[in-house]
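Numbers here simply count residues along the sequence, with the first being 1. Only heavy atoms go into these numbers, but all of them, side chains included; no hydrogens, no water, no symmetry mates.
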Amino acid sequence: MNPTDAEEGIPVSVKIRERILAARKRFNANDNIAAFVEPGELALLLDEVEEKMKGVLSSLVIDTESDHNTDNTARRVAKMYVNEVFRGRYVEAPTITEFPNAEHLNELMIVGPITVRSACSHHFCPVIGKIWIGVMPNEHTNVIGLSKYARLAEWIMGRPQIQEEAVVQLADLIQQKTQPDGLAIVMEASHYCMAWRGVKDMDSKMINSVMRGVFLKDPNLRREFLSLIPRKG
């Protein structure tokens with residue numbers, strides 16, 4: 001029996017998981033695992049999620065065969081998770097063109113608000129909010145286009161997330177890409193695991209921040225950044 005025949009019938013999720021375990025890497029909800037997904041496997045993963053989602057609907061006692069509203073729901077949900085909501089888990093980071101800081105810019109730059117959408121990893125309910133990014137460049141900082149900050153944020157948020165961890169992941173990524181003297185990120189978001197279920201409070205929001213470099217050391221710069229963020233809410 002050749003290796004291809006031996007692998008027949010093995011779910012693609014098992015193959016991907018085995019590669020991750022062999023590499024001794026983790027695969028938490030908000031990790032990116034694109035390095036372990038081979039060409040063509042996302043389509044197979046979508047099919048697998050669809051089949052398992054059919055089991056969930058069946059266990060919820062929903063007659064998907066007779067109900068015209070749900071006869072293709074399993075497929076739609078699978079496509080939503082794999083290709084959209086959690087796409088940031090399965091694809092590589094977006095290509096970002098970086099330019100040298102030819103003009104030696106060293107003044108505060110703020111990008112935002114960037115609208116972000118994610119899902120909490122506790123209940124898979126939507127997390128929708130805005131992010132503001134402050135960068136203090138130096139002569140060695142790589143300059144990236146404004147839209148690229150939004151693309152990086154979308155990639156990080158496109159996974160089951162916890163807001164506190166998401167902003168740290170985004171800060172690490174931008175820090176790596178640009179190497180600034182300082183980096184500040186503020187995120188404000190509504191969490192539907194609190195609005196749609198549980199206490200059902202529609203008005204509560206969560207605000208958190210990450211400060212790096214000179215933003216952490218210089219309280220005046222930190223105040224300037226926070227004061228320049230438009231009124232939230």
Side-chain angles (χ1 to χ4, degrees), residues 2-53 74-99 111 114-124 126-127 131 133 135 141-180 183 185 187 210 212:
N2 62 50
T4 302
D5 293 335
E7 288 189 355
E8 285 185 2
I10 300 176
V12 68
S13 63
V14 172
K15 297 177 185 178
I16 296 170
R17 185 180 292 106
E18 287 177 349
R19 291 181 203 128
I20 298 172
L21 293 173
R24 297 186 178 180
K25 299 293 184 180
R26 72 176 204 180
F27 49 104
N28 288 1
N30 61 359
D31 287 332
N32 177 270
I33 60 171
F36 304 99
V37 180
E38 296 182 353
E41 286 188 334
L42 273 189
L44 297 175
L45 189 63
L46 194 155
D47 292 340
E48 182 181 335
V49 174
E50 176 187 3
E51 286 303 311
K52 292 183 177 179
M53 192 63 210
R75 185 68 177 181
R76 288 190 291 265
V77 172
K79 290 172 68 175
M80 177 186 71
Y81 282 141
V82 176
N83 295 341
E84 299 178 86
V85 182
F86 299 154
R87 180 176 173 80
R89 295 199 77 230
Y90 307 112
V91 300
E92 298 285 356
T95 302
I96 302 296
T97 303
E98 303 166 20
F99 304 95
V111 181
I114 298 170
T115 300
V116 292
R117 302 162 186 83
S118 187
C120 79
S121 52
H122 292 159
H123 296 94
F124 278 18
V127 175
I131 283 178
I133 301 170
V135 177
T141 296
N142 294 325
V143 178
I144 64 176
L146 296 182
S147 66
K148 304 306 185 291
Y149 288 98
R151 291 187 183 278
L152 293 175
E154 181 182 31
W155 184 66
I156 291 292
M157 294 297 166
R159 313 164 192 179
Q161 279 287 8
I162 298 299
Q163 183 171 332
E164 307 94 296
E165 297 178 3
V167 292
V168 171
Q169 285 187 329
L170 181 58
D172 289 344
L173 183 59
I174 295 174
Q175 186 89 29
Q176 173 192 346
K177 294 286 185 183
T178 62
Q179 298 296 316
L183 176 65
I185 298 179
M187 179 174 174
V210 171
R212 300 275 176 86

I need the minimum non-hydrogen distance between Asn28 and Asp31, along with the two atoms involved. N-OD2, 2.8 Å
Going by an N to O cut-off under 4.0 Å, is there a salt bridge joining Lys15 and Glu41? no
With a 4.5 Å heavy-atom cut-off, do Phe27 and Phe36 have their side chains touching? no
Is there side-chain contact between Ile162 and Asn30, with heavy atoms separated by less than 4.5 Å? no
If you take all heavy atoms of Ala153 and Ile114, which pair is closest and at what distance? CB-CG2, 4.4 Å
Of all heavy-atom pairs between Leu152 and Pro94, which one has the smallest distance, and what is that distance? CD2-CG, 4.1 Å
Of Val210, Leu183, Ile131, the one forming a side-chain contact (heavy atoms from CB on, under 4.5 Å) with Leu170 is Ile131
Determine, for Asp172 against Arg212, whether the closest basic-nitrogen to carboxylate-oxygen distance falls under 4.0 angstrom. yes
Side-chain touch Glu38/Arg19, heavy atoms, less than 4.5 angstrom: yes
Check this for me: Arg87, atom CZ, are more than 12 non-hydrogen atoms of other residues, nucleotides or ligands nearer than 6.0 Å? no
Walk me through whether Lys79 and Glu50 qualify under salt bridge (charged side-chain N to carboxylate O under 4.0 Å, His left out). CA-CA 8 Å; Lys79 290 172 68 175; Glu50 176 187 3; over 6 Å; no
Specify whether Phe86 and Tyr81 have parallel, tilted or perpendicular ring planes, treating 30° as the upper limit for parallel and 60° as the lower limit for perpendicular. parallel
So for atom CD, which belongs to Glu154, do other residues, nucleotides or ligands contribute more than 12 heavy atoms lying within a distance under 6.0 Å? no
Rounded at 0.5 Å granularity, tell me how far CD1 in Ile174 sits from CD in Gln179. 12.5 Å
Closest approach of Lys52 to Ser13 (non-hydrogen atoms, all atoms of both residues): NZ-OG, 4.3 Å
Spacing of CG belonging to Leu146 relative to CZ belonging to Arg151, to within rounding of 0.5 Å: 12.5 Å
Apply side-chain contact (heavy atoms from CB on, under 4.5 Å) to residues Glu164 and Val168 and explain how you reach the verdict. CA-CA 7 Å; Glu164 307 94 296; Val168 171; over 6 Å; no
Under 4.5 Å between any side-chain heavy atoms of Gln175 and Pro180, yes or no? yes
More than 12 heavy atoms of other residues, nucleotides or ligands under 6.0 Å from CZ of Arg75: is that the case? yes
With the side chain counted from C-beta on, respond yes when Leu44 and Leu46 share a heavy-atom pair under 4.5 Å apart, and no when they do not. no
Quick one: do Val37 and Leu45 satisfy side-chain contact (heavy atoms from CB on, under 4.5 Å)? Show the steps, please. CA-CA 10 Å; Val37 180; Leu45 189 63; over 6 Å; no
Report the distance from atom CE of Met53 to atom CD of Glu48, rounding to the nearest 0.5 Å. 14.5 Å
Counting N and O atoms only, with roles assigned by atom type, does the side chain of Gln163 sit under 3.5 Å from a partner on the main chain of Met187, one being a donor and the other an acceptor? yes
Verify side-chain contact (heavy atoms from CB on, under 4.5 Å) between Arg89 and Val82, making sure each step is shown before the conclusion. CA-CA 9 Å; Arg89 295 199 77 230; Val82 176; over 6 Å; no
Distance col, row Ile144:CD1 vs Tyr149:OH, nearest 0.5 angstrom, shows 4.0 Å
Using side-chain heavy atoms (C-beta onward) and a distance below 4.5 Å, is Asn32 in contact with Trp155? yes
Identify the residue among Met80, Met157, Arg159 that makes a side-chain contact (heavy atoms from CB on, under 4.5 Å) with Val85. Met80
Of all heavy-atom pairs linking Ile185 and Val167, the shortest is CD1-O, 4.1 Å
Without swapping roles, check the side chain of Glu51 against the backbone of Asp47 for a donor-acceptor pair under 3.5 Å. no
Can you tell me how far OG of Ser121 sits from CD of Gln161, rounded to the nearest 0.5 angstrom? 7.5 Å
